Amino acid sequence: MNLIYTLRLADDALILGHRISEWCGHGPILEQDIALTNTSLDHIGRARSLYQYAAAQFNALPAEAKAGTFASVMLNDFVSKGAAIDEDDLAYLRDGNEFYNLLLLEQPNNDWAYTVARSFYYDAFNVLFWTELERSADTTLAAIAGKSLKEATYHLRWSSEWVIRLGDGTEESHSRMQQAVNDLWMYTGELFMPNDAEVAAANAGGVDITKLEAKWTEKVAEIFAEATLAMPAATWMQKGGKKGIHSEHLGYILAEMQYLQRAYPGMEW
Amino acid sequence: MNLIYTLRLADDALILGHRISEWCGHGPILEQDIALTNTSLDHIGRARSLYQYAAAQFNALPAEAKAGTFASVMLNDFVSKGAAIDEDDLAYLRDGNEFYNLLLLEQPNNDWAYTVARSFYYDAFNVLFWTELERSADTTLAAIAGKSLKEATYHLRWSSEWVIRLGDGTEESHSRMQQAVNDLWMYTGELFMPNDAEVAAANAGGVDITKLEAKWTEKVAEIFAEATLAMPAATWMQKGGKKGIHSEHLGYILAEMQYLQRAYPGMEW
Amino acid sequence: MTVHSFQEHFDSKIDREVSIEPRDWMPDDYRKTLIRQISQHAHSEIIGMLPEGNWITRAPSLRRKAVLLAKVQDEAGHGLYLYSAAETLGITRDQMYDQLHSGKAKYSSIFNYPTLSWADMGAIGWLVDGAAIMNQVPLCRTSYGPYARAMVRVCKEESFHQRQGFEIMLSLSRGTEAQRKMAQEAFDRWWWPSLMMFGPPDAESPNTEQSVRWRIKRFTNDELRQKFVDVTTEQAKVLGLEMPDKDIKWNEERGHYDFGKIDWNEFWNVVKGNGPCNKQRIDARRNAWENGQWVRDAALAHAAKRKARTGETKAA
Amino acid sequence: MTVHSFQEHFDSKIDREVSIEPRDWMPDDYRKTLIRQISQHAHSEIIGMLPEGNWITRAPSLRRKAVLLAKVQDEAGHGLYLYSAAETLGITRDQMYDQLHSGKAKYSSIFNYPTLSWADMGAIGWLVDGAAIMNQVPLCRTSYGPYARAMVRVCKEESFHQRQGFEIMLSLSRGTEAQRKMAQEAFDRWWWPSLMMFGPPDAESPNTEQSVRWRIKRFTNDELRQKFVDVTTEQAKVLGLEMPDKDIKWNEERGHYDFGKIDWNEFWNVVKGNGPCNKQRIDARRNAWENGQWVRDAALAHAAKRKARTGETKAA
């Protein structure tokens, strides 16, 4: 269960890191291109630490348990040969229905306002989440949380500033920013809907993500107020990502991301 | 050599069919959505006939020759197991540098004008080309050419009409159409630049594509005149596709197109 | 004739199962109901192109790619017949598009679910087209002539699509373990939304009675749904797939399969616009429309120029 | 001082290898030449992000992905230092962008070639960064202070990138047969364009003499090119790759490798805008710029509002 818990966090990091990396070379301002690439690097770096930990957990499983963990063909082929898996096998050889990232994070970049809104919603959650996870009894996760908290704090400052700048900028930027926070609102509910692994973690004394919503909403409201943005209206919340049921976007992300590993199986790069 | 010749024609058909199929469901006019999907089907259908023929040629080779034909890992793995290959292995398991389609055909759809211009340049060539190839001593190719000529004749009528309609439509459509024919002009030279397989074919009494340029230019000039479009200025012509050196677009096409076959190797669908 | 006698004449045609044709007198409500239903149906075909169109570039074999392309093309064709049928009732295609793009018009909610694997192409053909056919076959004898004739063509092609979908599922379920799982997973995701395609339970379906009278509807939602459950449960056995509903059980007495509770809360939410892909679908169509404006403008302008030139030639 | 004595003072600094700083007097030609060269260099870094950026989402391992991202980020950083250095000479960054987007300014032609396989990430690091370093190391001691200081940072990072590129090539050439072929093919494609990076042959390079005098240039194109051929030929042996030039041969007498004829026709065509990706690269940058206009406008507007509010607060 801890394995899926770890993987889910890793998938969040990889998929958001991927999306943000699509901006590289195409940002509106050179300094921001650099800042965003830096953020992408933080996410990819966190993904690596988490996948490494997940791989270690998997490799420590008894053979029978290993065989039943994943359905993805190429990963299972690899496992069935008795080889130990590593971070890349988890990132590159799982199919979409075994990715557990939030729907929010796979949504397209669209424009700068959407990219900022997506990060802002996630960063605001992350600061609360890593603060809690840093107290985890699992020392590996606690260590990752400590580092991630520092990064998330910085990310949140950046995305908050941009929410405010665009919200309280020009008429056009205000309307684009409002549109972005409205359109992405339906993906924020999933932040606080635990999947089985997260329920189990909470029951075992880990982070109870359902308890983070109030503080998160408070933070969002605070920044939106400064940004002169209206809080989005209550809506039906989308879910599924945490259980491997995604939007149509993830398939395209993976087709691109995993192509080389799939086309040249089992090679070292 | 005939194998590469056949494959090249198949690749043209598949890649253009793929690009056109991207419009399906997104066309500007429902009737045209249907017309374009029909064209895509023609191209995919031709690709199938040609890949089937190429696969038969390959399967008839002695084992040593087979081993040296392709470099693509998954295709070679397949071949090395002694299995006969089929149309899908050729379409889905070759890497980009073993695709020989024209650079023109992998260019993005961009807008309706670009899509029309790309097809027009190619259709005008195809009518001339299939007319010649229909007389081929290779009865399989001759039969495919006969069917393709009928289709190409229809395709050319469609694309010519649209060149004229947009060229001689509104100010905006005129300027978009002119831009499209100008921008794609640099990819038309390759239509008449034979690769080794085409040189060998011409030497053996097959179609000499270098001889088709004059008639092609005449046709293009005729339609552009009716469309009130200026002939694009002479420019340096891009080449490489026919030798497997493509633009950056092909890699993305293949990552998407081949993903499933790569992720689930060796399965029947 | 007075309005009263028009009405009598109309009613008698309905009773004798004679077709109502575009030039015939018809009650306003009949016209409105038909426009709503036919245009919804046309929109469903057009929106329905998107979830399947999503896999054209990724189809796992060239044969499957060609078949899928042809299928999506057929859907465009269905849209075309149906828009034409609706136009005979005095609404233009552009008006109907406008209703679709502005969110005023509805379309089948099933297309607001995402297509997530190749097996979804099988599941949609098998289940969604299967359910559509059950809904639509009775419409081949519906009272309004142009609609009935359009439905004859539509149903013929859709039963072909349904067989193709079933065949995809069969290939997968007889394939590798991974393919069987892919098929099962798609079945699991599409099952409940397919049941919802028959509409709300009869008790909550207000239009049924009048529609039955007009032969716009010939069976109730629940009747059709039951038939679908019965047929599909048998087909799932052939495929060797597990029913996604643990409560499915043969009821000897009723001569039907009993089945579990449908989550109508989800249904109404998707109808109201809260499905996973509502926004994405409408955005895609609206973008196609808006990005195509200059193309349509050009086609009109060119046609006008041609006409003017022909006029000049004639005048000369 | 008279202009004459300004010139003498400047010349004497140049002779004594003393840095020229932004506030110092300098000849117009010197200023113009530097603006042209530094902005071209900055543009090359920015355009250079694109061919490598093309593989970030497709990098074959997470480690390689992170390293590539960091590298492209470094290039953005180099662009930033260099634009700043150019700004000290009295041109704004927006003016320089405008020159780039309008096609008036040049950038290194090498970035007009497409990146077609993962091995291109190796080849670019190894060859393109390798050639760049040879061109640039002498600039660390160039006469204009801000440029020289920027180049110290740039060269340090680029030699790191060059090693990373070589390491990618090494992994591939020691990998499977398919990987070795991928590496060889990339080497074949990037070799000649890399040689062209040193510019036209000395005989056809008009600015050299003056530039050498100003320490904007310290070696001639042909000198640097020869050095590159000598070094790279040895490195190719370590990689076990074949030289893409069949005429490469050690010349005992010269103490250098002889090499084949460069296709200058291709070079000039790419410079003139006819390379495989010239249009694509400029379009990408122009799109980024145009699509970012509203973002920059918003940032300015917000900053102005903030400032106004702070002013009000102070005034109050």
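All values derive from a computational prediction rather than experimental measurement.
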Which residue, D:K71, D:H161, D:Q162, forms the side-chain hydrogen bond (donor to acceptor under 3.5 Å, both in side chains) with D:D129? D:K71
Option that, when pairs with chain D are counted at under 4.5 Å, heavy atom only, ranks first among A:G167, A:S173, A:A47: A:S173
Quick check on A:L36 against chain D: is it the side chain, the backbone, both or neither that has a heavy atom closer than 4.5 Å? neither
The test is side chain to side chain contact (heavy atoms under 4.5 Å, CB included); show your working for D:I91 and D:M96 and say whether it passes. CA-CA 7 Å; D:I91 186 170; D:M96 290 184 269; 3.7 Å; yes
Which atoms of D:R174 are under 4.5 Å from chain A, going by heavy atoms: the side chain, the backbone, both sets, or neither? neither
Any ion pair linking D:R286 and D:D283 (charged N to carboxylate O, less than 4.0 Å)? yes
Does A:Y92 have A:R262 sitting over its ring (NZ/CZ under 6.0 Å from centre, angle to axis within 45°)? no
Chain A heavy atoms under 4.5 Å from D:R64: which part of the residue, side chain, backbone, both or neither? side chain
Portion of D:T176 that has a non-hydrogen atom of chain A nearer than 4.5 angstrom: side chain
Name the region of D:I46, side chain, backbone, both or neither, that has any atom closer than 4.5 Å to a heavy atom of chain A. side chain
Just give me the residue among A:M177, A:E22, A:E172 that pairs up with chain D most often, heavy atom to heavy atom, under 4.5 Å. A:E172
Relative to each other, are the rings of A:H155 and A:H43 parallel, tilted or perpendicular (30° and 60° limits)? tilted
Quick check on D:L172 against chain A: is it the side chain, the backbone, both or neither that has a heavy atom closer than 4.5 Å? side chain
Would you mind telling me which of D:E75, D:R296, D:R306 has the largest number of heavy-atom pairs within less than 4.5 Å of chain A? D:R296
Taking every non-hydrogen pair under 4.5 Å, which of D:S171, D:A284, D:A298, D:G77 racks up the most with chain A? D:A298
Structural part of A:D86 lying under 4.5 Å from a heavy atom of chain D: neither
Could you go step by step and tell me if A:F120 and A:W162 meet the ring-ring contact (aromatic ring centres under 6.0 Å, His included) rule? CA-CA 9 Å; A:F120 172 67; A:W162 271 105; over 10 Å; no
Is it the side chain or the backbone of D:N291 that comes within 4.5 Å of chain A heavy atoms, both, or neither? neither
Pick from D:G175, D:G48, D:A59 with the largest number of heavy-atom pairs that fall under 4.5 Å of chain A: D:A59
For the residue pair A:W112 and D:W294, is the inter-centroid distance of their aromatic rings smaller than 6.0 Å? no
Between A:I44, A:L30, A:L14, who has the most heavy-atom pairs with chain D when the cutoff is under 4.5 Å? A:L30
Can a salt bridge be assigned to the pair A:R46 and A:D12 using a cut-off of 4.0 Å between side-chain N and carboxylate O? no
Report the option among D:A76, D:A178, D:G53 that has the most heavy-atom pairs separated by less than 4.5 Å from atoms of chain A. D:A76
Where does the angle between the aromatic ring planes of D:W289 and D:H101 fall among parallel (under 30°), tilted (30 to 60°) and perpendicular (over 60°)? tilted
Where on A:I29 is there a heavy atom nearer than 4.5 Å to chain D: the side chain, the backbone, both, or neither? side chain
Part of A:E87 within contact of chain D (heavy atom distance under 4.5 Å): both
At a heavy-atom separation under 4.5 Å, does A:Y259 approach chain D through its side chain, its backbone, both, or neither? neither
Assess the pair D:Y81 and D:H41: is the distance between their ring centroids shorter than 6.0 Å? no
Side chain, backbone, both or neither: which part of D:L80 has a non-hydrogen atom closer than 4.5 Å to chain A? both
Exam field: side chain A:Y121 to backbone A:V181, donor-acceptor pair closer than 3.5 Å: yes
At a heavy-atom separation under 4.5 Å, does A:D33 approach chain D through its side chain, its backbone, both, or neither? side chain
Could you check which of A:E171, A:Q258, A:Q261, A:H18 has the highest count of heavy-atom pairs closer than 4.5 Å to chain D? A:H18
Which one of A:E268, A:M267, A:H174 has the most heavy-atom pairs closer than 4.5 Å to chain D? A:M267
Strictly by modelled atom types, are A:H26 and D:N287 linked by a side-chain donor-acceptor pair under 3.5 Å? no
For the residue pair D:F187 and D:W126, does the interplanar ring angle fall in the parallel (under 30°), tilted (30 to 60°) or perpendicular (over 60°) class? tilted
